[in-house]
There are 2 protein chains.
Amino acid sequence: MVQRKAKQKTKQKGGAEWSHNHDHRLCIVDALDRAADLCAGRGARLTSIRRRVLELIWSSHRPIGAYSLLEVLKQERANAAPPTIYRALEFLLEQGLIHRIESQNAYIGCPNPDPDQQHKGMFLICTDCGNAVELEETKIDRLLRNSASNQGFVIESRTVEAAGLCPECQVS
Amino acid sequence: MVQRKAKQKTKQKGGAEWSHNHDHRLCIVDALDRAADLCAGRGARLTSIRRRVLELIWSSHRPIGAYSLLEVLKQERANAAPPTIYRALEFLLEQGLIHRIESQNAYIGCPNPDPDQQHKGMFLICTDCGNAVELEETKIDRLLRNSASNQGFVIESRTVEAAGLCPECQVS
DNA sequence: ACACAAATGTTATATTATAACAATTATAAA
DNA sequence: TTTATAATTGTTATAATATAACATTTGTGT
């Protein structure tokens, strides 16, 4: 088990997520550490390509497209091609380490990957700065399930993406 | 104002939406009538292409892709091309007559287009039969807005798509 | 009939994603 | 340690979705 700095980091609540000038290096390190732990625990192989793609995705809090990732990866691995990226994305999605933002055909790191099950996130996405924050709204999830259940529908997975202005971008 | 049969049709509540053998012709007629009314009221031009694309979208309750639409339209208009479809889709989206299902890159008719504002729907999509039903869950919407608001985030639009099994497809 | 704006036609291309098969690398059984 | 096997990556090609740009036609109001 990798010792992680994450344990020392106090997680702030309530909008701190939107701060445009946090120490983002910590986000990256934490994400990579968590990923390593999770994969180790599952016997899943976080190869160097996969690790690097995850790192690139975590290079910001903005969803990033497959071909943007490819552009960067190509500078390091001349033979990187679309399948290189898409395979890595597939793996990371399966492991619950990233989410796909359907409304943007883009990918974003999961800040809280669940060791037991991979969840689908709920996101607030700023139309101005592009940053996206994942919500953990069990209430909404429950309400949605109930609502579906009223029609006899059983939800297996869901996509919730809200676009708008983050607190920092409202000052205009 | 077009007289519509819709007014005679009693709308059933609670799962009737999933019935695989309703008289779908009524759905189509209603949708086209509503569209005509709405566009007339707005001075928007529901041209024959646009009308036909809307009709094709309403040919089922399954989200349909742009190129599937194009395939059909081509049989009627030899010179139909991708822009033909995408322009029609753009118009219909603007008028709130259809919704885009982000998780499928596909389009579906809006059963309840709002004369005043175009809303983004919330959908239950059956992974078996492919049918999708639009929810009107102001509660969920409110909860989502509140939850965003707690972070200082203002939602402008949202995507909610839940995949699972509809009542009819659960019997297996 | 004319002028203008809106809609459509047409060609080309951008963007996102997957198929198919070959080569390589890791793993663990013999 | 070698070898068999499965997993990963390389490579080429192509599918699927979407838009750009400019020409032409059609509709609308004057």
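All figures in this text were calculated on a predicted structure; none of them were measured in a lab.
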Tell me which residues in [range] put a heavy atom below 4.0 Å from DNA chain C, sorted by number, or none.
range: residues 41-58 of chain B; result: B:Arg45, B:Thr47, B:Ile49, B:Arg50
range: residues 61-74 of chain B; result: none
range: residues 82-105 of chain A; result: A:Pro82, A:Pro83, A:Tyr86, A:Arg87, A:Arg100, A:Asn105

Which angle, rounded to 10°, do you find between the first-five-pair axis and the last-five-pair axis of the helix from C:dA1-D:dT30 to C:dA30-D:dT1?
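The angle, to the nearest 10 degrees, is 30°.
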
Just list the side-chain donor-acceptor pairs under 3.5 Å for residues 69-78 of chain B, sequence neighbours left out, or say none.
unit_1  : atom_1 : unit_2  : atom_2 : d
B:Glu76 : OE1    : B:Arg52 : NE     : 2.9
B:Glu76 : OE2    : B:Arg52 : NE     : 3.2
B:Glu76 : OE2    : B:Arg52 : NH2    : 2.5
B:Arg77 : NH2    : B:Ser48 : OG     : 3.3

Does B:Thr47 have any side-chain contact (heavy atoms from CB on, under 4.5 Å) partners at least two apart in sequence or in another chain, and if so, which?
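So B:Thr47 forms a side-chain contact (heavy atoms from CB on, under 4.5 Å) with B:Arg45, B:Ile49, B:Arg50.
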
Run the side-chain contact (heavy atoms from CB on, under 4.5 Å) check on B:Leu143 and A:Glu137 step by step: do they pass?
CA-CA 9 Å; B:Leu143 202 50; A:Glu137 284 300 335; 5.7 Å; no

Ignoring hydrogens and geometry beyond distance, is a side-chain donor-acceptor pair present between B:Glu134 and B:Asn112 at under 3.5 Å?
no

Please tabulate, for side-chain N and O atoms in residues 156-165 of chain A, each donor-acceptor pair with protein atoms closer than 3.5 Å (sequence neighbours left out).
unit_1   : atom_1 : unit_2   : atom_2 : d
A:Arg158 : NE     : A:Asp141 : OD1    : 2.5
A:Arg158 : NH1    : A:Lys120 : O      : 2.9
A:Arg158 : NH2    : A:Lys120 : O      : 3.1
A:Glu161 : OE1    : A:Ser103 : N      : 2.8
A:Glu161 : OE1    : A:Ser103 : OG     : 2.5
A:Glu161 : OE2    : A:Glu102 : N      : 2.7

Outermost DNA chain D nucleotides near chain B [under 4.0 Å, heavy atoms]:
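Boundary nucleotides touching chain B, in 5' to 3' order, are D:dT17 to D:dG27.
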
Return the set of residues passing ring pair (Phe, Tyr, Trp, His ring centres under 6.0 Å) with B:His20 (not counting sequence neighbours), or none when no residue passes.
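Partners of B:His20 by the ring pair (Phe, Tyr, Trp, His ring centres under 6.0 Å) criterion come out as none, since no residue qualifies.
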
Hydrophobic cluster (4.5 angstrom, side-chain heavy atoms) - remaining members for B:Ile125
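Besides B:Ile125, the cluster holds B:Ile101, B:Ile108, B:Phe123.
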
For B:His61 and B:His22, take the angle between the two ring planes, folded into 0 to 90°, and tell me which bin it lands in: parallel under 30, tilted 30 to 60, perpendicular over 60.
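B:His61 and B:His22: tilted rings.
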
For the backbone of A:Ala132 and the side chain of A:Arg62, can you confirm whether one donor and one acceptor N or O come within less than 3.5 Å of each other?
no

Would the distance check show the side chain of B:Gln170 and the main-chain N or O of A:Gly152 forming a donor-acceptor pair, the cut-off being under 3.5 Å?
yes

Once side-chain hydrogen bond (donor to acceptor under 3.5 Å, both in side chains) is applied, what residue pairs with a partner in residues 81-98 of chain A remain, sequence neighbours excluded?
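Every side-chain hydrogen bond (donor to acceptor under 3.5 Å, both in side chains) pair that includes a residue of residues 81-98 of chain A, provided the two are not neighbours, is A:Arg42-A:Gln95.
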
Is any side-chain heavy atom of A:Arg34 less than 4.5 Å from a side-chain heavy atom of A:Leu97?
no

What ring-ring contact (aromatic ring centres under 6.0 Å, His included) pairs are there with at least one residue in residues 100-119 of chain A, not counting sequence neighbours?
A:His99-A:His119

Scanning both residues in full, the closest heavy-atom pair of A:Cys166 with A:Cys126 reads N-SG, 3.4 Å

Run the side-chain contact (heavy atoms from CB on, under 4.5 Å) test on B:Cys169 and B:Trp18 for me, step by step, so that the C-alpha distance in whole Å, both residues' side-chain angles and the decisive distance to 0.1 Å come before the verdict.
CA-CA 9 Å; B:Cys169 291; B:Trp18 293 108; over 6 Å; no

